[in-house]
Amino acid sequence: MEITLPQAFLDRMKGMLGKDYEAFLASYDKPRHPALRVNPLKISPEDFQRLAPYDLEPVPWAVPNGFYYDPEARPGKSPYHEAGLYYIQEPSAMAVAALSGTRPGERVLDLCAAPGGKSTQLAGMLEGRGLLVSNEIHPQRARILSRNIERLGIRNAIVTNEAPEDLSGHFPGFFDRIIVDAPCSGEGMFRKEEEAIPNWSPENVALCARRQAGILDQADLMLKAGGVLVYSTCTFAPAEDEESIQNFLERHPDYEEVDLPEKLGSDLDRLGFAAGSDGKSIRLWPHKLDGEGHFLAVLKKAGGDVDDSNIALHADGDSRMGSDAGLQAAFESDGKIEAKAGKKKKKAKKNRDRKGADLYDSEAAKLWKEFSQEAFSDYETEGRLRQFGQDLYLLPEDLNLDSIRVLRAGLHLGTVKKNRFEPDHALVLALKKEELQQTLNLSADSEEVKAYLRGESIPCTCKGWTAVLVDGYTLGWGKASGGVLKNHYPKGLRMYF
């Protein structure tokens, strides 16, 4: 076996697995199974299968959007990836959101969200309705999370960068569902991330378990009565898995653990899942399925009326937002733009960067409306439009974002610059070609799309702001004049082929 594993880890696993121990060890010599998950907010799995230039095989617990792909395919280097048509995700990790029971219109918190796999999957299940708050405590990882939320064109998400104890004071009893994919010792990812092995120790396992207990207690404060709490790790350690759940239930007797093996029934064995030692959680073992190690438990809080009947593996259906439910759906009428005076520019910048305090500006709203009438096929004047410094956002709810660090306050529409409006990259990625008046469609294998992704100007007979598409899916902005499209693809995202 090429991977050298800690002896204390091996001794514990031998005791846990018994006769399955040798098969478990043999799994480290097998190749990994890379996978991607189609983004239903942009494309159906059927359409993506027709579009993809490589073979796809369904991930059985992530139907219909999860697929294994050939490792030689390199989908991360494709224009389709930059257009947000899919998210590359470890297949076992797809089970967490799939078993969360998330429904459109709910308020959902992904408390430890980076890099964004579970958040983007939850967003697809919400179908553009309701609210997703994606939080990450580490600033650099939070920025990666925010970029992935942007790339997949998610309109109804807020990305925060807070410690759980600071977030809980802001959202008491607020969420229908909370996902805690807890930071852990990472034993289930040793095959994928060998660099994690030297950091492993029994002491680190105990430290992770203590940290997880604190995170779960803060999650409880933010979950409404009757709400659903999903707990997952990518470790095998019972101290971080079943024991963490048992200790939480002892501290919080108003919770009951959902019996996942019973919910899954005959699918448990068919999928290669196994019941946890408590009989109600589930484990994903790398020697039983094509994926890495994972643990998953679901808890239901007493009271309330949050529906938990949806906690099952099932086809998500086609959750694409059609053109009639596009940007207009985000402009649900709940009040016109208002003016709020007395804010100095210096203070406004601080609020935008640190706290995201609301600031309204009717002149900025006028510029946004002018741009919208020029650029969009459909437009409404009412909605939750907010200004943070010079940036305009569309909030999924009329939330108070004071006192918390916000990296992305809903959909970033654009920036007001010298009495003009400049659309943001996030806006075009959230739109469909049917919602836009002026587009330039490029083929994924064309030299023009490669030039565009490099940041180069390309020929275009259009005039003004133009959405660049790849095979019909939005990719970025350009501004056309004199037969040339000036490139507005973000410098930090440019690709060099």
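Counting from 1, the numbers follow the sequence of the chain as shown.
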- Check step by step if side chain to side chain contact (heavy atoms under 4.5 Å, CB included) holds for Asn65 and Met94. CA-CA 10 Å; Asn65 296 316; Met94 297 180 189; over 6 Å; no
- Quick one: does Trp200's side chain get under 4.5 Å of Val205's, heavy atoms only? yes
- Could you grab the distance from atom CD of Gln212 to atom CZ of Phe248, nearest 0.5 Å is fine? 13.0 Å
- Message: Looking at Glu397 and Arg384, would you say the former's side chain and the latter's main chain have a donor-acceptor pair under 3.5 Å?
- Response: no
- Task: Please name the residue in the list Phe67, Phe48, Tyr80, Tyr473 that meets the ring-ring contact (aromatic ring centres under 6.0 Å, His included) test with Tyr86.
- Result: Phe48
- Is a side-chain N or O of Asp254 found less than 3.5 angstrom from the main chain of Ala302, in a donor-acceptor match? no
- Message: For a quick check under 3.5 Å, do Thr415 and Gln390 share a side-chain donor-acceptor pair by atom type?
- Response: no
- Message: A side-chain contact here means heavy atoms from C-beta on lying under 4.5 Å apart; do Leu442 and Leu475 qualify?
- Response: no
- Does the side chain of Thr439 come within less than 4.5 Å of Asn441's, by heavy atoms? no
- Message: If we ignore hydrogens and angles and just use 3.5 Å, is the side chain of Glu456 paired with the main-chain N or O of Asn487 as donor and acceptor?
- Response: no
- Task: Count the heavy atoms belonging to other residues, nucleotides or ligands that lie under 6.0 Å from CZ of Arg494, then report whether that count exceeds 12.
- Result: yes
- Query: Would you say the side-chain atoms of Glu90 pair up with the backbone N or O of Glu292, donor to acceptor, closer than 3.5 Å?
  - Reply: yes
- Query: Leu41 versus Leu152: any side-chain heavy-atom pair under 4.5 Å?
  - Reply: no
- Task: Look at Glu150 together with Arg408 and state whether they make a salt bridge at an N to O cut-off of under 4.0 Å.
- Result: yes
- Message: Pair Asp181, Lys118 - check salt bridge (charged side-chain N to carboxylate O under 4.0 Å, His left out), show working.
- Response: CA-CA 9 Å; Asp181 184 41; Lys118 295 173 181 67; 3.1 Å; yes
- Task: Would you indicate whether the side-chain heavy atoms of Leu436 and Phe376 approach each other to under 4.5 Å?
- Result: yes
- Query: What's the shortest heavy-atom distance between Met125 and Ala98, and which atoms?
  - Reply: CE-O, 4.4 Å
- Does the Asp110 side chain pair with the main chain of Ser119, one donor and one acceptor, at a distance under 3.5 Å? yes
- What are the two closest heavy atoms between Arg251 and Ala213, and how far apart are they? NH2-O, 3.5 Å
- Message: Test your reading of the model: is there a side-chain donor-acceptor pair from Arg129 to the backbone of Asn156, 3.5 Å cut-off?
- Response: no
- Message: As an exercise, state the distance from CG of Leu85 to OG of Ser44, rounded to the nearest 0.5 Å.
- Response: 10.5 Å
- Query: How far apart are the C-alpha atoms of Ser377 and Gln437, what are their side-chain angles, what is the distance that settles it, and do they pass the side chain to side chain contact (heavy atoms under 4.5 Å, CB included) test?
  - Reply: CA-CA 5 Å; Ser377 300; Gln437 289 200 36; 4.1 Å; yes
- What's the shortest heavy-atom distance between Leu221 and Ser168, and which atoms? CD1-OG, 4.0 Å
- Apply side chain to side chain contact (heavy atoms under 4.5 Å, CB included) to the pair Val230 and Leu99, showing each step before the final yes or no. CA-CA 8 Å; Val230 181; Leu99 280 167; over 6 Å; no
- Fit a plane to each ring of Phe371 and Phe421, take the angle between them on a 0 to 90° scale, and name the class: parallel (under 30°), tilted (30 to 60°) or perpendicular (over 60°). tilted
- Query: Checking side chain to side chain donor-acceptor pair (under 3.5 Å) for the pair Asp217/His252: CA distance, chi angles, key distance, verdict?
  - Reply: CA-CA 9 Å; Asp217 287 345; His252 302 274; 2.8 Å; yes
- Minimum heavy-atom distance Ala467-Val428, with the two atoms named: CB-CG2, 3.8 Å
- Query: How far does CG of Leu296 sit from CG of Asp241, to the nearest 0.5 angstrom?
  - Reply: 10.0 Å
- Query: Say you draw a straight line from CZ of Phe295 to CD1 of Ile282; how long is it, rounded to the nearest 0.5 Å?
  - Reply: 9.0 Å
- Name of the residue among Val228, Leu132, Leu131, Val133 meeting side chain to side chain contact (heavy atoms under 4.5 Å, CB included) with Val108: Leu132
- Item | OG1-CZ distance between Thr160 and Arg405, expressed to the nearest 0.5 angstrom | 9.5 Å
- Message: Before you tell me yes or no, could you show the steps for Tyr87 and Gln121 under side chain to side chain donor-acceptor pair (under 3.5 Å), namely the whole-Å CA-CA distance, both residues' side-chain angles and the distance that decides it to 0.1 Å?
- Response: CA-CA 9 Å; Tyr87 186 99; Gln121 189 173 357; over 6 Å; no
- Item | Spatial distance of atom CG (Leu485) from atom OG1 (Thr466) [nearest 0.5 Å] | 5.5 Å
- Query: Any salt bridge between Lys301 and Asp220, counting N to O under 4.0 Å?
  - Reply: yes
- Query: Less than 4.5 Å apart, any side-chain heavy atom of Lys224 and any of Asp176?
  - Reply: yes
- Message: Could you walk me through whether Asp391 and His412 satisfy the side chain to side chain contact (heavy atoms under 4.5 Å, CB included) test, starting with their C-alpha distance in whole Å, then the side-chain angles of each, then the deciding distance to 0.1 Å, before giving a yes or no?
- Response: CA-CA 7 Å; Asp391 296 311; His412 190 185; 3.4 Å; yes
- Query: At their closest point, which heavy atom of Val59 faces which heavy atom of Ala35, and how far apart are they?
  - Reply: CG2-CB, 4.1 Å
- Item | Test item: Gln438 side-chain N/O and Trp465 main-chain N/O as donor-acceptor pair under 3.5 Å | yes
- In terms of ring plane angle, is the pair Phe174 and Phe171 parallel, tilted or perpendicular, where the classes change at 30° and 60°? tilted
- Item | Check: Leu167 main-chain N/O paired with Gln218 side-chain donor or acceptor under 3.5 Å | no
- Looking only at atom types and distance, does a side-chain atom of Asn39 sit under 3.5 Å from a main-chain N or O of Gly84, one as donor and one as acceptor? yes
- Message: If you compare all heavy atoms of Pro104 against all heavy atoms of Glu127, which two are closest, and at what distance to 0.1 Å?
- Response: CG-CD, 3.7 Å
- Hey, are the side chains of Leu385 and Leu413 touching, using non-hydrogen atoms and a 4.5 Å cut-off? yes
- Side-chain donor or acceptor of Arg283 paired with backbone N/O of Phe236 under 3.5 Å: yes
- Message: Side chains of Thr233 and Thr235 only: does a donor on one sit below 3.5 Å from an acceptor on the other?
- Response: no
- Query: Got a sec: does the CG of Asn419 have more than 12 other heavy atoms crowding it under 6.0 Å?
  - Reply: no
- Message: Do Arg386 and Asp398 have side chains that approach each other closer than 4.5 Å (heavy atoms only, starting at C-beta)?
- Response: yes
